[in-house]
There are 2 protein chains.
Amino acid sequence: MQTRTPTIHTEAPDTSGFIPRSNSLAGSVYEAIFAQLMALKIPPGARINVDHLVRELNVSQTPIREALGRLEGEGLVVKTHLIGYSAAPQIARRRFDELYQLRLLLEPDSAARAALSMDDEKLATLREAAGVMGRRDGTDERLRYSTFARQDAMFHDCILAYAGNELIRETLNHQHTHFHIFRLMFHSRVTEEALDEHEALLTAFAAGDASAAEKAMRVHLEHSRDRLLPAFD
Amino acid sequence: MQTRTPTIHTEAPDTSGFIPRSNSLAGSVYEAIFAQLMALKIPPGARINVDHLVRELNVSQTPIREALGRLEGEGLVVKTHLIGYSAAPQIARRRFDELYQLRLLLEPDSAARAALSMDDEKLATLREAAGVMGRRDGTDERLRYSTFARQDAMFHDCILAYAGNELIRETLNHQHTHFHIFRLMFHSRVTEEALDEHEALLTAFAAGDASAAEKAMRVHLEHSRDRLLPAFD
DNA sequence: CAATACCATATCCTATAGGATTTTATTCGG
DNA sequence: CCGAATAAAATCCTATAGGATATGGTATTG
């Protein structure tokens with residue numbers, strides 16, 4: 001039949017010179033739902049109706065179920081038999097503490113390793129990501145936070161990349177997905193402190209000082225945690 | 001129509017007093033494929049034919065695709081558009097190193113925390129899991145390894161449970177899945193050393209000595225890594 | 001003999017239809 | 001007025017069918 005006209009061709013531009021395998025419908029659906037989760041269009045805990053998605057994305061049920069299964073495997077979605085899918089529940093206080101405990105075990109060490117392998121090019125990239133130049137005021141609060149969140153995530157991810165352990169990087173990025181949703185829910189205000197802490201890290205990196213980088217990262221994470229903690233009141 | 005008779009009723013006994021929602025077909029299929037992966041019935045890198053599974057499990061394609069999607073989200077299965085699904089490739093040397101680096105960052109700390117919250121009951125459970133009594137010889141090599149692998153996994157998981165951080169526990173268990181497959185591929189022989197190292201940990205736990213437990217775990221992991229390293233030659 | 005083109009098969013991908021179960025709304029009785 | 005039972009609707013779950021694409025073998029040609 002094939003009378004329908006899928007409206008969600010994401011079609012990644014495949015920069016890395018591979019065979020341009022056009023992505024499957026299931027893959028496109030996955031990205032679409034993922035985006036909705038990240039943008040809080042589907043809030044935490046809300047039910048996800050398959051039929052609605054059928055009409056909205058103009059695609060049949062099968063690829064949607066496949067995509068939802070994948071999201072379930074990643075922990076972003078929960079399935080209950082004969083009830084259906086729903087977005088993963090809001091992060092709880094306990095999980096929040098556990099996450100920062102995990103970050104404190106992994107990221108300071110990664111900062112130290114990154115410091116040891118630092119060079120001018122990497123440093124420049126980090127400076128860019130740190131958003132030192134992003135201190136402009138006057139923009140509205142929402143855009144301001146959105147910019148900061150992206151920069152902060154990029155900054156930390158760069159450090160993990162330079163540390164050289166892809167497994168740790170993937171692990172933390174995975175958790176960051178949940179974390180991002182949490183932060184969005186609370187519209188946590190951006191403080192200038194975070195940027196100062198980033199600069200402290202940059203200074204350590206510039207000097208190639210591993211132990212200083214480790215310590216700076218530890219301080220940064222602890223402050224970050226304390227800044228977000230009031231959200232649970 | 002429903003003329004078929006599914007042959008894979010796993011039907012978990014739901015010990016934890018919840019509503020006895022009989023698990024969905026997709027869930028049963030997931031468990032069946034998962035078991036085949038863990039038992040190396042589907043070796044790493046091998047292609048996974050959906051039609052074969054249809055005939056083998058006597059179930060239609062849809063729940064199979066949903067289950068495969070979930071396995072993909074967990075990283076145990078890889079999908080290539082218009083090619084199909086295949087089991088995740090064998091763990092590479094690099095990933096092996098990264099895994100032990102991750103474990104060395106997380107598990108010693110967990111051992112220390114577990115030591116602090118130790119009591120008689122937990123200690124008894126750990127002794128049980130440590131397999132101190134499992135030193136019997138005479139059994140065949142294969143069963144012997146299988147027993148050890150299960151005990152070792154249980155032992156480490158118990159420690160993580162007592163450490164109190166569920167997120168870390170989940171993270172490591174997730175990785176352990178891949179690791180298990182790796183170990184099975186190489187039929188790595190069980191040495192008595194591992195059991196000695198477990199006993200050293202138990203001693204530290206019995207004394208409630210956090211730093212001793214941390215150190216013992218670090219030593220155990222490093223030795224474990226070195227014992228498996230020859231597999232890459 | 002080697003390389004290329006072509007065709008048949010296998011496999012994947014998507015769409016549609018129908019049965020099973022839960023949820024919700026309505027009605028009746030206390 | 002409240003609670004329980006019943007009926008209807010919504011939703012999920014599974015099965016089947018057909019189109020699209022890749023793979024592998026065979027024949028043909030240089």
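First the proteins, then the strands, lettered A, B, ... as listed; each starts at 1. Just so we're clear, the structure is a prediction, and the values are computed from it rather than from any experiment.
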Student: Could you tell me the separation between the CG atom of B:L57 and the P atom of D:dA15, rounded to a whole number of Å?
Tutor: 11 Å
Student: Which nucleotide wins on minimum distance to the side chain of B:R65, given the candidates D:dT14, C:dT14, C:dT11?
Tutor: C:dT14
Student: Want to settle it: does B:Q61 or B:E66 sit nearer the 5' end of DNA chain D, counting the closest nucleotide to each?
Tutor: B:E66
Student: Report the distance from atom CG of B:L53 to atom C1' of C:dT11, rounded to the nearest whole Å.
Tutor: 13 Å
Student: In whole angstrom, give the distance that lies between atom CD of A:E72 and atom P of D:dC13.
Tutor: 10 Å
Student: Using atom CD1 of A:I64 as one end and atom C1' of C:dT14 as the other, report the distance to the nearest whole Å.
Tutor: 11 Å
Student: So if I take every side-chain heavy atom of A:K79 and compare against C:dC13, C:dC12, D:dC13, which nucleotide ends up nearest?
Tutor: D:dC13
Student: Can you tell me how far apart CD (B:E66) and CD1 (B:I64) are? Round to the nearest 0.5 Å.
Tutor: 11.5 Å
Student: Please work out which of the three classes, parallel, tilted or perpendicular, describes the rings of B:F96 and B:F179, given edges at 30° and 60°.
Tutor: tilted
Student: Counting side-chain heavy atoms from C-beta on, which of D:dT11, C:dT11, D:dT14 comes nearest to B:A26?
Tutor: D:dT14
Student: Select base, sugar-phosphate, or nothing to describe what B:I48 touches, counting heavy atoms under 4.0 Å on all strands.
Tutor: sugar-phosphate
Student: How about B:Y30 and A:E72: does a side-chain donor come under 3.5 Å of a side-chain acceptor?
Tutor: no
Student: If you compare every side-chain N and O of A:S60 against the phosphate oxygens of C:dA15 (OP1, OP2), does one of them come in below 4.0 Å?
Tutor: yes
Student: Tell me the interatomic distance from A:Y85, atom OH, to D:dT11, atom C1', rounded to whole angstroms.
Tutor: 14 Å
Student: So among B:R95, B:R93, B:R94, which one has a salt bridge (Lys or Arg N to Asp or Glu O under 4.0 Å) with B:D97?
Tutor: B:R93
Student: Take atom CG of A:N58 and atom P of C:dT16, then tell me their distance rounded to the nearest Å.
Tutor: 9 Å
Student: Rounded to the Å, how far apart are B:L68 CG and C:dC13 P?
Tutor: 10 Å
Student: Assuming nearest nucleotide by heavy-atom distance, tell me which of B:R55 and B:T62 is located more 5' along DNA chain C.
Tutor: B:R55
Student: To the nearest angstrom, how far is B:L25 atom CG from D:dT14 atom P?
Tutor: 4 Å
Student: For B:N49 and C:dA10, is the shortest distance between a side-chain N/O and OP1 or OP2 below 4.0 Å?
Tutor: no
Student: Inspect the contact between B:R225 and B:E222 and indicate whether a charged nitrogen and a carboxylate oxygen are less than 4.0 angstrom apart.
Tutor: no
